[in-house]
Amino acid sequence: MNDSLRAISITENRNEDRWAELSLPLRSVIMVVSNTVTREVWWMSDAFVTAIANVVSAQTDLSPAEVEELIETPPSSEMGDYAVPCFALARKWRKPPAAIAAELAAKIAPSEYLAKVENAGPYLNFFVNKRCLAEETLKRVATEGARYGTSNVGAGKTVVIDFSHPNIAKPFGIHHLRSTVIGNALRNVYRALGYHVVGINHLGDWGTQFGKLLAAWQRWGTGELTEDISVATLLQLYVRIHDEIENDPAVEEEARAWFRRLEQGDPEARRMWEVCRNVSLKEFNRVYEMLGITFESVAGESFYQDKIHDTLQRLQDKGLTTVSEGATIVDLKPWGMPPFIARRRDDASLYATRDLAAAEYRWSTYHFDKMLYVVDVAQSLHFQQLFKVLELMGYEWHARCAHVVFGRMLGLSTREGKVIFLEDVLNHSIELARKMVEEKNPDLPNKDEVAQQVGIGAVIFADLKRGRIKDYVFDWEEVLNPFGDTGPYLQYTHARFCSILRKAAQPVVMGGVDYARLSEAETVALIKAIAAFPRAVQQAARDYEPSIVSRALLDIADKANKFYEKHQVIGVEETTFHARLLLVDCTRQVLANGLRLLGIAAPEEM
RNA sequence: GCACCCGUAGCUCAAUGGGAUAGAGCGUUGGCCUCCGGAGCCAAAGGCUGCGUGUUCGAAUCACGCCGGGUGCGCCA
């Protein structure tokens, strides 16, 4: 990031926290809060796991639940489908783990579900009945359809997600992409798990920056500020006043004065502010529409303007505030943090103040079980302080708040203070997708629509495929490359399987399918990948990590293409045909479901 | 200076509550369409998991200490 851009990003909003520390207490709280959610939720608990747990439990002094905790997946399917390591038993029984594994392997007889048991060193490896695996999995997908992967673990619970939150009077930059798509994906994931989700766009529509903007207009603007002004012009004004302030600090006082007028409800200031807000919102909405993102609530910082007085009063009543150098602060020294500044020397409110008021308001409004702030790592300290203050105020729900941290976006080749507009990136990507579609599928009737879906999907997936914590090195080539582990690859696989269904020209039937026909290595691998999907969705929610869904999808697509390469569907003997056709349909279904969770379209042709 | 985050193949990233031989994609090299979509598949090459010590039957994963990078640290958001 170069200097001019850095100057602009001084006022960028929302970010960070001690994610690792917070996630743990949060999880334990959740478990206490709801009796229905237990640790088992995060584990696979299908028929095979249960069968293994029972059969091993019968031969040991471990309970089925204890055995379940031990079950893992071998590194290679040739070793088995599930494994129970015997190290824990070895300590208990004071015998070598390999001997125990061998002993258990000999004692456990094959059953309908578990076709074979053998030991490999200290591991007790189970081979499942492939027919059962196929039947369990595909019946479930076919029956649940678009609901496959969802559950009701969140029924009756509310999650508030604060995401996107672009800054008014500034363009919707590429750096807002992360919070926007991560937040949206989490919103979809939680909703899929039955939670009531409140997605909030906490717009950066208040603060000293508007004082600067208004001061700039007064200096250089001509006539009245009206809504025909563009965001680009507003940005220019902002950059210009910013430079001016650097040269002449007195100008800053001018800006502060304007912000004070705004906070005190001065009609002229208020009117100009509204113009800026409306102009920006119009532009933001265009981007949200492209991304297919909506919010349950658009309550920016300004929304809390009339609430901060009471918030400050409560802080004071609880004896938490002190006055230091004219400002009202909460001393956090005992917790090794700098003070939380609640009110400025000149009585104006601050970002932190408004966040505090927002937290209180959201609690009283939603009584959430969780509140997630999807904000980049730069604001870690801010949220640490905020959560600590909530705790000091005696709010037990402070532990339900978590900062969903993501890394900064780097590697943007910005020329001289130019912010990269997200809209431009999306359009660029759409253009490339259009060329690709034109080349690959010139007769497609809805080429424009598909180009949109593929182009935008590429940008979204590029962001969501990696863990959110790492800095994201934005690379045009990577984002626009349609080959490899990309959004277009997933969409292509989906379209390819849709194509088989079209060409087959026969209804997919579930009744009478001979699942024993689905036993080749590539086929089983695909079925397993499909079976793993629901768990990935739950893990994504547990870790606030959409990339877990992304990777599950890549795995399914990878296995799907390998299956496709090796096994013909159309034109093979009828019993096998029907079995494979069902698998194709289930594959298509789960890919579509997963893409939807990520906020990516799944066109049937491309 | 203090705090937090991140160091895994040339590059971007994985590695299922610490487990078996650390895996993908991009890039490089070489193969595969008379056959359901080649935006695909197969194969090769590429690693002291930043360094060290410790805990453990077992460490990329946990602890401590270094080194390197990023970010933050009182009236910006």
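Throughout, protein chains are lettered first and strands after them, A, B, ... in sequence-line order, and every chain is numbered starting at 1.
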Under 4.0 Å between any heavy atoms, over every strand shown, what does [X] touch: base, sugar-phosphate, or nothing? Just pick one.
X	answer
A:Asp555	nothing
A:Arg580	nothing
A:Glu605	base
A:Glu477	nothing
A:Gly326	nothing
A:Val330	nothing
A:Phe340	nothing
A:Ala495	base
A:Arg345	base
A:Leu350	sugar-phosphate
A:Met606	base
A:Pro338	sugar-phosphate
A:His494	nothing

Starting at the 5' end of RNA chain B and moving along, which residue's nearest nucleotide shows up first, A:Pro97 or A:Val450?
->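 Going by which nucleotide is closer to the 5' end, it is A:Val450.
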
Between A:Arg91 and A:Ser324, who's closer to the 5' end of RNA chain B by nearest nucleotide?
->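 By nearest-heavy-atom nucleotide position, the 5'-most residue is A:Arg91.
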
With rounding to the closest Å, how many angstrom separate the [atom1] atoms on [N] and [M]?
N	M	atom1	value
B:rG25	B:rA44	P	12 Å
B:rC4	B:rG17	C1'	24 Å
B:rA45	B:rA24	P	13 Å
B:rA20	B:rA59	P	11 Å

Tell which nucleotide pairs with B:rG37, taking only Watson-Crick or G-U wobble pairs whose two distances are both under 3.5 angstrom.
->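 None - no nucleotide pairs with B:rG37, as no candidate has both distances under 3.5 Å.
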
Counterpart base for B:rG47, defined by Watson-Crick or G-U wobble contacts under 3.5 Å = none

Measure all distances between protein nitrogen or oxygen atoms and nitrogen or oxygen atoms of nucleotides 41-44 of chain B, and list the pairs falling under 3.5 Å.
residue, atom, partner, partner atom, Å
B:rC41, OP1, A:Tyr489, OH, 3.0
B:rC41, O4', A:Glu565, OE1, 3.2

Quick one: are A:Phe303 and A:Trp206 in side-chain contact, heavy atoms under 4.5 Å?
-> no

Minimum side-chain heavy-atom gap A:Phe563-A:Leu583 below 4.5 Å | yes

Closest to the side chain of A:Val569, out of B:rG37, B:rC36, B:rG70, is B:rC36

Give a yes or no on whether the ring-centroid distance for A:Tyr351 and A:His202 is below 6.0 angstrom.
->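 No, ring centres 6.0 Å or more apart.
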
Kindly say whether, by distance alone, the side chain of A:Asn125 makes a donor-acceptor pair under 3.5 Å with the base of B:rA20?
-> yes

Distance-only polar pair, side chains of A:Asn561 and A:Tyr492, donor-acceptor under 3.5 Å | no

